2 protein chains.
Amino acid sequence: MIASRDTPDQGFSPCVSRRDPVPGPDGAPRRLHPPIAVLEYLGYIVAESEWPFEEALATPREGNGGGRAGDHGSRGPVRSRRRADLDRDGSRPIRLPRMKDIAAVVGVSQSTVSRVLNNKSVIPITAETRERVLAAAARLGYRPNPAARALRGARTMLIGAVVRDITDPFFAAAIEALCVVARDHGYNVVLGHAHGSAEEAMALATVLESRHCDAILLMGDMRDQPRLIEDLGNVQLPVVALWQGTRLPRIPSVDVDNRRAIWAGVDHLVELGHTRIAFVGGSRGHGDKRQREASFRARMRQLGLVVPEGYLRHVPNTPAGGGSALRALMELEPAPTAVIAATDVMAIGILHAAAEVGIGVPRDLSVIGFDDQPLAAYAVPPLTTLRMPTVPMVLAAFQMAIDAVEKGAARTVSRQVFQATLIERRSTAPPR
Amino acid sequence: MIASRDTPDQGFSPCVSRRDPVPGPDGAPRRLHPPIAVLEYLGYIVAESEWPFEEALATPREGNGGGRAGDHGSRGPVRSRRRADLDRDGSRPIRLPRMKDIAAVVGVSQSTVSRVLNNKSVIPITAETRERVLAAAARLGYRPNPAARALRGARTMLIGAVVRDITDPFFAAAIEALCVVARDHGYNVVLGHAHGSAEEAMALATVLESRHCDAILLMGDMRDQPRLIEDLGNVQLPVVALWQGTRLPRIPSVDVDNRRAIWAGVDHLVELGHTRIAFVGGSRGHGDKRQREASFRARMRQLGLVVPEGYLRHVPNTPAGGGSALRALMELEPAPTAVIAATDVMAIGILHAAAEVGIGVPRDLSVIGFDDQPLAAYAVPPLTTLRMPTVPMVLAAFQMAIDAVEKGAARTVSRQVFQATLIERRSTAPPR
DNA sequence: TTGTATGCGTTATCAC
DNA sequence: GTGATAACGCATACAA
């Protein structure tokens, strides 16, 4: 699906009805989109089909912007703009006001303006001067230049988020949370993603090299990108890792207790009476998923339950992957009566595939997910899952990062582990 | 769901099993999370429950970081760090190398280093000098200081994305796309969100005021945040608006052709034989959704079909909203045989609620969504929907923005309109 | 209480 | 070909 949803529409015509292309068995490698070049087929863009009751307007249509703007290296040339301070070469270069401008207007020195504007100065300032400066600043619409501040060593109020795969809805939610948390603290979020393992280094290099961030959050396991981890160890910024599964060498981290969570899931099924329980894990063995699988096996062994050959599936972390796992599981003899998926995404794929094949959930098969994504509660049937305390975890990681920034202290390598919660919905029931 | 999923767990104990709190009828206002303060209940964090086979380690546990770091205004104080250049106060302040440092090592002047490093200099440089400079730079691990470059007027290679509501999976997907596209062009994405309409101004103010971005993408309709729009109009940066529904005064935009899309949806249903067709739109009348509803009414009128009182529902753009709309619709007499939802999110809620109530889709009711979110294909049943060409649209918007940045030209107010595609899956069928 | 001067790290414009 | 030097916008030590 994800793989298919942006397939360029060959022979496209507006609003043509078409069937969904087959998702390719077993979830083809998920790409968000085909190479940029492919996207630039023109067919997609369409004339200015104006809204009927909108005023006809005289704005000329533009070309569709198809032609790439040439390849400027990532370190673009520095056009020294302005220098046309005089503002008479048309209209544009009306620069943003600087402190100097305010000073000129008010008739004081630039340093006075500075002192007024960040009124943390120990030095007292005449009420009147302050008043006039503030007024002028407001009138001119003054905004501090962050570059200049940064140059002086100030914080940039940017926090970098390096995400393993932004395509994953779970991380999307995490990003949301981070945005909110960061904003509440006056920070903005800069997004980087590790994008497969191909461009790995590059991925965060972009975020790091241009290290205008005050700190970096590493979201999701990236141990298949060893250079990244190493680089991060050497970076001068505070780095906090989220959802690594296991501890990283020298990096403070925030993790979920996969073991206890999975135990709760297994125990829940066992209490319902299940004994033939399967597990669907990720194919690439990322940290969290690997831990979850190991926990599953350990708990099953503890309970004296055997996990037959074939009950452990490794598929891509997509709905399609979950679907293919389900089909494989149901061909086994005996088939499992319950399955735990390492993520909700796969669990939703299982639900979908079960419905397709005619397997009733939870009548014929109980399903447990992991994460409690927003849509899990609205799956059909509503998905029993292990709720990840995403927001508290993100908050904790953010706090750790910011503390490090503010205290500036040596990097303390700490770790916080959060507990997941079993949310019982209706995808689990006693076996028939 | 979304409303409920971050409800703080009262009386929390690890991995306790609990039932899903009811989502509150008609989808309560969606908040990603309760106020930060509420999140700081301690119960969540848990001891270092180490992974069994991990080495026991001696890192001391930290407190849970619960105490807020005090309220520093968004314009934090500027501690001039370093000044401890000498590197003997412990270990940390090993500053990143500057050009000056390279120059010192190589024994040339700093300007020479600069010329070598951005080898766009017209002036030729001795091969040997260049060699040595590059070598030294590599050895020292030199990274250009973006703040300094920015101060000189260089681009920051940051693009700001102001999103109406990051919680919405649709926008999450859009952000993903933007990240990829931006990265391919050497840009990074700074996320801002308009967060309800409460802190509206603040929301983007953070992104804008600290205008370290080269351009801004406005994703989703924000006309309920008038000051934002106005501010944007006055901002010195290129601004491109996505999914506004209707044209914005002075801002170039990229939109989807809601009219043709909805027509395709209606026609599809009519061709299947439906005549009693309902429409579920957003409650706050945001641009796109409003257009879709208007288009629906227009098309129905054109086809000579009546839309009875009550067939137009306005609910929050959540699964819960869709569910409540469905329940209301099915109580009507006669009940509709098909429904078009203004977004997939609502459509998925409809699917969910239908299953709960025992209404077969598509047997008793056909459902059409809008967007083709990743999970739409994996709904039960797979959702027929109108596919938004998200990636091409984001790409187009990005191109428009970057073109404006690079050409630096006066802001051309253009507009591009993309076509959606009807994707037939299995949530639609002839009426019984 | 305010003004002057200096430096942050780069790039660009001069001299040499 | 290369080196000194002047901005860039802001914060601050120091002089007045």
Side-chain angles (χ1 to χ4, degrees), chain A residues 75-85 93 95-104 106-133 137 140 142-156 210-212, chain B residues 75-85 93 95-104 106-133 137 140 142-156 210-212:
Chain A
R75 177 186 297 179
V78 175
R79 302 163 308 111
S80 95
R81 22 164 141 137
R82 79 165 61 125
R83 188 70 49 190
D85 238 11
R95 295 179 19 202
L96 298 169
R98 310 159 284 176
M99 283 191 177
K100 197 193 244 179
D101 301 322
I102 302 182
V106 178
V108 295
S109 84
Q110 177 257 342
S111 40
T112 301
V113 175
S114 173
R115 284 193 272 259
V116 171
L117 260 32
N118 355 305
N119 55 3
K120 77 183 153 57
S121 169
V122 212
I123 307 168
I125 301 213
T126 322
E128 193 218 331
T129 315
R130 134 173 281 107
E131 199 100 348
R132 286 170 52 211
V133 168
L140 269 57
Y142 170 79
R143 306 250 188 266
N145 180 327
R149 302 182 93 129
L151 197 54
R152 297 275 317 171
R155 301 200 309 254
T156 60
S210 56
R211 76 263 115 107
H212 22 215
Chain B
R75 178 185 297 179
V78 175
R79 302 164 309 112
S80 95
R81 25 165 140 139
R82 80 166 56 126
R83 188 68 51 190
D85 238 13
R95 295 180 19 205
L96 298 169
R98 311 160 282 176
M99 283 191 176
K100 197 193 247 180
D101 301 322
I102 301 182
V106 178
V108 295
S109 84
Q110 186 252 21
S111 32
T112 300
V113 175
S114 174
R115 282 194 273 260
V116 171
L117 259 33
N118 353 306
N119 55 4
K120 76 183 155 56
S121 169
V122 213
I123 307 167
I125 302 214
T126 323
E128 193 219 330
T129 317
R130 133 173 282 107
E131 200 98 349
R132 285 169 52 211
V133 168
L140 268 58
Y142 170 79
R143 304 246 190 269
N145 180 327
R149 304 187 104 147
L151 197 54
R152 297 285 312 170
R155 301 199 308 255
T156 61
S210 57
R211 75 262 116 99
H212 24 214

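Chain letters run A, B, ... following the sequence lines, proteins first and then strands; every chain starts at 1. Since the model is a prediction, treat every value here as computed from it, not as a measurement. Side chains are part of it too, since the values below use all heavy atoms of this structure and drop only hydrogens, waters and symmetry mates.
The interatomic distance linking A:I125 (CD1) with D:dA11 (P) rounds to 13 Å, in whole Å. Remark: P of D:dA11 and CZ of A:R149 are 5 Å apart, rounded to the nearest angstrom. In this structure, CG of B:L151 is placed 9 Å from P of D:dC10, rounded to the nearest angstrom. In this structure, CG of B:L117 is placed 8 Å from P of C:dT11, rounded to the nearest angstrom. Put simply, CZ on B:R143 is 17 Å from C1' on C:dT10, counting in whole angstrom units. One interatomic measurement links the two molecules: CZ of B:R98 to C1' of C:dT11, which rounds to 16 Å at whole-angstrom precision. Separating the NZ atom of A:K100 from the P atom of C:dA5 is a distance of 13 Å, rounded to the nearest angstrom. Atom P of nucleotide C:dT11 and atom CD of B:Q110 are separated by 8 Å, given to the nearest angstrom.
Each of D:dG3, C:dT10, C:dT1 was ranked by its minimum atom distance to the side chain of B:V108; first place goes to D:dG3. Residue A:Y142 places its side chain closer to D:dC10 than to any other of C:dT1, D:dG3, D:dC10. Closest contact between the side chain of A:R152 and the listed nucleotides D:dT12, C:dG9, C:dG3 involves D:dT12. Residue A:S111 places its side chain closer to C:dA5 than to any other of D:dC10, C:dA5, C:dT10. Set against C:dT10, D:dA4, D:dC10, the side chain of B:N145 has C:dT10 as its closest nucleotide. Picking from C:dT11, D:dG9, C:dT10 the nucleotide with the shortest atom distance to the side chain of A:A148 gives D:dG9. Closest to the side chain of A:R115, from the set C:dG3, C:dT10, C:dT13, is C:dG3.
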Step-by-step side-chain hydrogen bond (donor to acceptor under 3.5 Å, both in side chains) determination, A:S109 to A:T112: CA-CA 5 Å; A:S109 84; A:T112 301; 3.3 Å; yes

Check against side chain to side chain contact (heavy atoms under 4.5 Å, CB included), A:R149 and A:N118: CA-CA 12 Å; A:R149 302 182 93 129; A:N118 355 305; 4.2 Å; yes

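Note that CD of A:E131 is 12.5 Å distant from CD1 of A:I125, once rounded to the nearest 0.5 Å.
Annotation: of the two residues near DNA chain C, A:T126 and B:S114, the 5′-most nearest-nucleotide partner is A:T126.
OP1 or OP2 of C:dT4 has not a single side-chain nitrogen or oxygen of A:S109 nearer than 4.0 Å.
Pairing each heavy atom of B:R132 with each of B:V106, the nearest pair is NH2-O, 2.5 Å. For the residue pair A:K100 and A:Q110, the shortest heavy atom distance occurs at N-CG, 4.2 Å.
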